[in-house]
Amino acid sequence: MPELIDISVRLREDIPTWPGSDGYRIRQALAIARGDEANVSTIEMDVHCGTHVEAPRHFLDDGATLDSVPLDVFIGPAFVLHLPDADSIGPIELASVPAGTDRLLIRTRNSALWHGEGAFRTDYVGLTAAGAGSIVEQRIRLVGVDYLSVQRWGDDPETHRILMRGGVTILEGIDLSAAAAGHYRLICVPLHLAGSEASPVRAVLEVAS
């Protein structure tokens with residue numbers, strides 16, 4: 001049995017969420033303790049809550065929806081790049097990404113934010129527009145970041161748009177605290193939602209043998 005590292009964050013009602021998000025709520029619709037035949041839960045959530053993937057439709061009105069993105073993008077070899085001292089991620093920070101990388105996961109100090117208080121933080125590390133351009137130039141198919149947005153707080157959506165126009169699928173809200181820099185196999189299949197621009201995922205890394 002291969003070793004697996006769970007890099008998804010646990011959905012809970014006090015999870016950090018993007019300002020203005022509907023967040024995540026769960027309630028028990030049926031309960032055996034109340035005389036029902038079964039326990040049944042109902043969830044209500046923003047599809048960008050917690051660990052999720054995004055398709056071009058999120059910031060491009062004519063962009064592809066998630067159900068048209070090939071599934072093989074979400075499964076396969078991945079490289080974890082550790083940038084412990086980065087305040088932002090541009091071409092210089094991305095210079096050490098191995099040639100031929102298909103799926104790039106970027107570990108920063110953001111991963112520690114998932115283990116503290118539940119409030120959203122604006123001082124997270126994000127990609128610059130130039131960094132997004134570098135990822136497109138390297139022909140990376142998927143980029144993953146360890147907070148709720150691939151772009152920096154206060155930047156306009158151009159960082160997202162550069163990636164999306166360049167055919168890069170975005171994985172946000174991962175926790176790479178337990179993943180050292182190096183090569184892995186990523187598995188992060190989205191829900192089969194018709195016409196959606198995003199979906200929550202359970203993301204795991206399979207440790208290379």
Side-chain angles (χ1 to χ4, degrees), residues 5-9 15-19 21 48-54 58-59 73 76-186 188 198 201 203-205 207-208:
I5 301 174
D6 191 348
I7 61 169
S8 48
V9 298
I15 192 172
T17 56
W18 192 261
S21 168
H48 299 266
C49 188
T51 307
H52 62 280
V53 291
E54 295 179 344
H58 182 35
F59 277 110
V73 172
F79 181 76
V80 172
L81 176 68
H82 191 194
L83 301 174
D85 301 318
D87 292 319
S88 61
I89 305 164
I92 292 174
E93 289 75 20
L94 296 168
S96 61
V97 176
T101 296
D102 276 342
R103 300 164 191 84
L104 174 64
L105 309 180
I106 305 173
R107 178 182 172 184
T108 71
R109 64 172 185 263
N110 295 343
S111 284
L113 299 179
W114 296 115
H115 303 277
E117 61 186 30
F120 174 79
R121 296 277 295 268
T122 62
D123 59 345
Y124 66 87
V125 182
L127 276 168
T128 65
S134 177
I135 286 173
V136 172
E137 290 173 5
Q138 294 181 61
R139 298 185 179 181
I140 291 167
R141 300 180 67 197
L142 178 147
V143 62
V145 294
D146 52 356
Y147 208 55
L148 287 171
S149 179
V150 72
Q151 69 190 44
R152 299 176 299 179
W153 176 258
D155 284 358
D156 65 30
E158 189 59 21
T159 299
H160 271 90
R161 293 183 183 122
I162 290 169
L163 294 168
M164 290 169 171
R165 293 189 191 110
V168 182
T169 299
I170 298 170
L171 169 62
E172 294 176 334
I174 53 178
D175 179 1
L176 293 169
S177 299
H183 296 274
Y184 299 87
R185 183 171 181 261
L186 172 68
C188 65
V201 297
V204 298
L205 293 177
V207 178

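Only heavy atoms go into these numbers, but all of them, side chains included; no hydrogens, no water, no symmetry mates.
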With side chains defined as the heavy atoms from C-beta onward, is the minimum distance between I89 and T108 less than 4.5 Å?
yes
What are the two closest heavy atoms between A203 and C188, and how far apart are they?
CB-CB, 3.8 Å
Quick check: do T51 and L171 have side-chain heavy atoms less than 4.5 Å from each other?
yes
Closest approach of P157 and Q151, non-hydrogen atoms and distance?
CA-OE1, 3.3 Å
I need the L186 CG to I7 CD1 distance, nearest 0.5 Å.
5.5 Å
Looking only at heavy atoms, what is the nearest atom pair of R107 and V80, with distance?
CB-CG1, 4.2 Å
Side chains of E172 and H48 only: does a donor on one sit below 3.5 Å from an acceptor on the other?
no
Evaluate I15 against W114 for side chain to side chain contact (heavy atoms under 4.5 Å, CB included), listing each step before the verdict.
CA-CA 8 Å; I15 192 172; W114 296 115; 4.2 Å; yes
List, one per line, each side-chain donor-acceptor pair under 3.5 Å for residues 173-180, sequence neighbours excluded.
from	atom 1	to	atom 2	distance (Å)
D175	OD1	S177	N	3.0
D175	OD1	S177	OG	2.6
D175	OD2	H115	NE2	2.8
S177	OG	H115	NE2	3.2

Please tell me whether Y147 and W153 form a close aromatic pair, meaning their ring centres lie under 6.0 Å apart.
no
Would you give the length of the straight line joining atom CG of L148 to atom CG of L113, rounded to the nearest 0.5 angstrom?
9.5 Å
OG on S96 to NE2 on H82, rounded to 0.5 Å
12.0 Å
Show your working on side chain to side chain contact (heavy atoms under 4.5 Å, CB included) between L105 and L205 and close with a plain yes or no.
CA-CA 10 Å; L105 309 180; L205 293 177; 3.6 Å; yes
Is any side-chain heavy atom of I170 closer than 4.5 Å to one of M164?
yes
Value rounded to 0.5 Å, distance of CD1 in I162 from CZ in F59
12.5 Å
Partner of R109 by side chain to side chain donor-acceptor pair (under 3.5 Å), out of D85, D87, D146
D87
Under the criterion side chain to side chain contact (heavy atoms under 4.5 Å, CB included), I'd like the reasoning laid out for E93 against S134: C-alpha separation, chi angles, the key distance, then a yes or no.
CA-CA 10 Å; E93 289 75 20; S134 177; over 6 Å; no
Side chain to side chain contact (heavy atoms under 4.5 Å, CB included) between L163 and L127, intermediate numbers included
CA-CA 10 Å; L163 294 168; L127 276 168; 4.2 Å; yes
What is the minimum heavy-atom distance between G90 and T128, and which atoms define it?
CA-OG1, 3.6 Å
Rounded to the nearest 0.5 Å, how far apart are CZ of R103 and CZ of R185?
9.0 Å
Is there a side-chain contact between I106 and L94 in this structure, where contact means two heavy atoms from C-beta onward sitting under 4.5 Å apart?
yes
Would you check if H183 and P98 make a side-chain contact, meaning some heavy-atom pair closer than 4.5 Å?
yes
